[in-house]
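These notes are about the structure you will find just below.
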Protein chains: 2
Amino acid sequence: MDSRELRYFVAVAEELNFGRAATRLGIAQPPLSRTIQQLERRMGVTLFERTSRQVSLTTAGEVLLHEGRRALTALTAAERRTQRAGTRLVLTMKPHSDGGLLEKILTEYAASPSAVEVDVHICGIGEQGKLLREGEADAALLRFPHDDTEGFAYEELLTEPDAAVLPRTHRLADRESLTMADLAGEQLPHWPGNPPNGGPLVRDSGQLQQLIALGRTIALLPASTRHHLGPELAQVPVTDAPTSTLAIAWAEDSRSRPLAAFIQAAVQCAPR
Amino acid sequence: MDSRELRYFVAVAEELNFGRAATRLGIAQPPLSRTIQQLERRMGVTLFERTSRQVSLTTAGEVLLHEGRRALTALTAAERRTQRAGTRLVLTMKPHSDGGLLEKILTEYAASPSAVEVDVHICGIGEQGKLLREGEADAALLRFPHDDTEGFAYEELLTEPDAAVLPRTHRLADRESLTMADLAGEQLPHWPGNPPNGGPLVRDSGQLQQLIALGRTIALLPASTRHHLGPELAQVPVTDAPTSTLAIAWAEDSRSRPLAAFIQAAVQCAPR
DNA sequence: CGAATCCATACCTCCAGAGTATCGATTCCC
DNA sequence: GGGAATCGATACTCTGGAGGTATGGATTCG
């Protein structure tokens with residue numbers, strides 16, 4: 001199968017309308033119709049159920065949409081990683097989620113003989129996987145069990161307990177330590193991708209800090225984020241808080257020399 | 001990037017010779033040279049270091065070879081799974097490695113409303129991953145920790161200890177049970193993909209049974225394989241043998257209705 | 001130094017992918 | 001119920017680019 005045909009197919013499958021799909025692809029509708037017909041003929045499978053009024057996916061079409069999307073992203077990922085191969089490494093992470101290791105890792109890596117420039121790409125919550133899959137990034141710092149890691153290889157770097165982050169004026173802010181029970185009535189934020197819990201939806205950490213400062217929510221964050229809190233916020237240890245593990249992840253089948261060296265540097269910097 | 005260009009690139013990268021690669025692709029050498037040049041120009045990267053006598057991969061070329069291969073297999077996998085979507089499900093497994101569950105799973109699945117025909121593809125040792133990745137199979141029965149599962153989703157079905165498989169004439173064949181220490185001096189087979197251990201290389205289970213019957217080797221196999229042993233072989237429990245876990249695995253992003261139903265059936269059949 | 005090897009260039013051919021115009025079927029709405 | 005609108009398929013024309021052949025130019029080898 002040709003990737004052009006697949007791209008056309010995905011466009012039609014997403015729009016469920018040949019005209020709109022053609023516009024999106026920047027071509028006219030008739031060649032698009034013909035290309036899809038030809039794809040169906042070559043594969044020996046009908047992909048769309050079409051009447052003159054509406055288009056819908058067949059079972060086979062659904063399968064091709066899922067798997068085909070993955071194949072196309074693999075293709076563009078290959079292209080992107082090739083283009084920066086040997087000159088640049090892109091590390092992606094959520095803000096303040098490096099467990100305090102980032103600087104040390106970068107220094108350690110810079111000393112390696114196969115070191116190249118490292119771009120640190122600060123991303124939104126839950127975006128690391130997408131960036132890795134699409135080849136925008138070579139490696140990602142992420143956290144178990146919060147971040148999804150399906151399909152990546154990874155090395156664990158450090159495990160630390162969560163701690164409560166509160167407005168300085170909060171009734172619990174001056175306590176030496178807390179337990180989860182102390183936080184029972186508090187409003188926790190709603191993380192994207194998780195089921196709504198009544199709390200405010202949080203997209204990035206700046207937003208979160210602001211919401212905490214305003215008293216709208218409190219959060220349980222890895223203890224190491226204390227280095228990044230503003231003066232209006234306080235962090236209090238929670239003795240029985242869950243732990244999370246910081247890990248460095250990469251696309252399984254991308255293991256260039258600079259990337260391998262970077263991972264090695266990261267692992268070396270991790271406390272044992 | 002176009003998949004045709006990528007296929008051409010991979011051919012050249014594997015042959016490191018434009019003429020041979022062109023022959024393999026069934027085209028003439030000049031159009032191949034031109035396509036690669038064009039690919040390099042479009043990507044803004046040199047992929048090959050060429051003198052008039054030899055061709056070698058640049059760093060960028062190596063990256064594209066690895067990642068591009070993966071993208072191409074994803075493409076053909078998408079195609080294959082689409083072609084049999086909704087009509088057929090292919091399950092792959094090593095011979096006798098179903099833990100005695102296969103028949104039950106197939107019966108259970110046949111009762112499901114979205115059931116389709118299931119082809120059971122008996123494969124060689126270590127081939128399940130390849131078959132899944134290339135889209136030849138939809139699901140695989142495999143065993144932790146022996147089989148490699150990188151990049152697949154899976155559900156565990158059952159855990160059982162290994163037992164010793166010996167020729168009936170072996171000095172230990174009549175014992176009620178053994179310990180690992182009893183087997184210390186015995187010659188174990190050399191599994192493909194593992195480091196050589198002096199034992200005979202084993203590619204499939206028929207071969208293994210024959211080698212055991214001949215007294216050339218003995219094996220530690222999951223206890224459930226006892227149902228498949230010939231009369232010249234004996235199985236003896238080993239009290240401190242390692243365990244292995246049977247699991248059903250599938251390509252992460254292929255989850256058609258029939259496949260989902262099959263996995264559910266398999267999980268339901270597993271002893272809890 | 002001639003022969004062999006191997007990639008690049010020049011030039012030609014032809015098909016497939018893209019465009020325009022239009023048809024035919026269904027749906028919508030007055 | 002009939003005219004307009006929507007939307008995919010068909011008929012046709014055109015052109016860019018993929019592929020072929022012939023050959024050049026550089027290196028290696030005997």
Side-chain angles (χ1 to χ4, degrees), chain A residues 1-62 64-65 68 71-72 75-76 79, chain B residues 1-62 64-65 68 71-72 75-76 79:
Chain A
M1 186 174 26
D2 183 17
S3 60
R4 184 190 59 95
E5 295 174 317
L6 186 53
R7 253 181 281 272
Y8 285 13
F9 165 79
V10 170
V12 176
E14 283 176 356
E15 298 284 347
L16 291 178
N17 178 313
F18 281 74
R20 275 200 303 276
T23 312
R24 201 175 98 182
L25 293 165
I27 63 169
Q29 170 258 317
L32 179 56
S33 286
R34 259 178 298 141
T35 303
I36 300 293
Q37 283 170 24
Q38 170 183 313
L39 177 62
E40 291 181 316
R41 202 159 357 101
R42 275 213 267 261
M43 295 189 61
V45 164
T46 18
L47 299 169
F48 294 107
E49 217 67 76
R50 45 266 236 195
T51 70
S52 62
R53 290 299 291 178
Q54 80 171 2
V55 174
S56 60
L57 279 168
T58 62
T59 311
E62 281 173 20
L64 187 59
L65 179 57
L72 288 179
L75 212 60
T76 65
E79 192 166 354
Chain B
M1 187 173 26
D2 184 18
S3 62
R4 183 190 60 96
E5 295 174 316
L6 185 53
R7 252 181 282 272
Y8 285 10
F9 165 78
V10 170
V12 177
E14 283 175 357
E15 298 285 346
L16 289 178
N17 178 314
F18 281 75
R20 276 201 303 277
T23 312
R24 202 175 99 183
L25 293 166
I27 62 170
Q29 170 258 316
L32 179 57
S33 287
R34 258 177 299 142
T35 302
I36 299 293
Q37 284 171 23
Q38 170 183 313
L39 178 63
E40 290 180 318
R41 201 159 0 98
R42 276 212 267 260
M43 294 188 63
V45 165
T46 25
L47 299 168
F48 294 107
E49 218 67 76
R50 40 275 240 183
T51 71
S52 62
R53 292 298 292 178
Q54 80 171 2
V55 175
S56 59
L57 279 169
T58 61
T59 310
E62 280 173 20
L64 188 58
L65 179 57
L72 288 179
L75 212 59
T76 66
E79 193 165 354

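Hydrogens, waters and symmetry mates are skipped; everything else that's a heavy atom, side chains included, is used. Convention: sequence-line order gives letters A, B, ...; per-chain numbering from 1.
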message: In this structure, how many angstroms lie between the C1' atom of C:dT26 and the CZ atom of A:Arg50, rounded?
response: 16 Å

- prompt: In whole Å, what is the span from the CG atom of A:Leu25 to the P atom of C:dG17?
  reply: 14 Å

- prompt: So, do B:Leu64 and B:Leu6 sit near enough that their side-chain heavy atoms are less than 4.5 Å apart?
  reply: yes

task: Let me know the distance between CD1 of B:Ile27 and C1' of D:dG17, rounded to the nearest Å.
output: 13 Å

- request: Measure from the side-chain heavy atoms of A:Ala28 and tell me the nearest of C:dT20, C:dC7, D:dG8.
  value: C:dT20

- request: Could you tell me whether the phosphate oxygens of C:dC7, OP1 or OP2, come under 4.0 Å of any side-chain nitrogen or oxygen in B:Asn17?
  value: yes

query: From the list C:dG17, C:dA21, C:dA10, which nucleotide is the closest neighbour of the side chain of A:Arg4?
result: C:dG17

Nearest-neighbour nucleotide for the A:Gln38 side chain, C:dG17, D:dA9, C:dC7 considered: C:dG17

message: Strictly distance-based, threshold 3.5 Å: is any side-chain N or O of A:Glu79 a donor or acceptor partner for the main-chain N or O of B:Met1?
response: yes

- prompt: Can you find a side chain N or O atom of B:Gln54 that sits less than 4.0 Å from OP1 or OP2 on C:dT5?
  reply: no

- prompt: Can a side chain N or O of B:Thr51 be found less than 4.0 Å away from OP1 or OP2 on D:dT27?
  reply: no

message: Does A:Gln38 have more than 12 heavy atoms from other residues, nucleotides or ligands lying within 6.0 Å of its CD?
response: yes

query: Given atom CZ of A:Arg41 and atom C1' of C:dA16, what is their separation to the nearest angstrom?
result: 12 Å

query: So which nucleotide from C:dC6, C:dT20, D:dT10 ends up closest to the side chain of A:Gln37?
result: D:dT10

- request: Would you mind classifying the nucleic acid contact of A:Tyr8 as base, sugar-phosphate or nothing, using non-hydrogen atoms under 4.0 angstrom?
  value: sugar-phosphate

message: Using OP1 and OP2 only, check whether a side-chain N or O of A:Ser33 sits under 4.0 Å from D:dG8.
response: no

- prompt: Over how many whole Å does the gap from A:Leu16 atom CG to D:dC7 atom C1' extend?
  reply: 13 Å

field: Crowding at CD, A:Glu14 (>12 non-hydrogen neighbours, <6.0 Å)
entry: yes

field: Whole angstrom value for the distance that separates P of C:dA8 from CG of B:Leu32
entry: 9 Å

field: Spacing between B:Arg20 atom CZ and C:dC6 atom P, to the nearest angstrom
entry: 7 Å

- request: Measure the distance from CD on A:Gln29 to P on D:dT6 and round it to the nearest whole Å.
  value: 14 Å

- prompt: Within the pair A:Arg34 and C:dA18, is there a side-chain N or O less than 4.0 Å away from OP1 or OP2?
  reply: no

message: In the structure I gave you, are the side-chain heavy atoms of B:Leu39 and B:Tyr8 within less than 4.5 Å of one another anywhere?
response: no

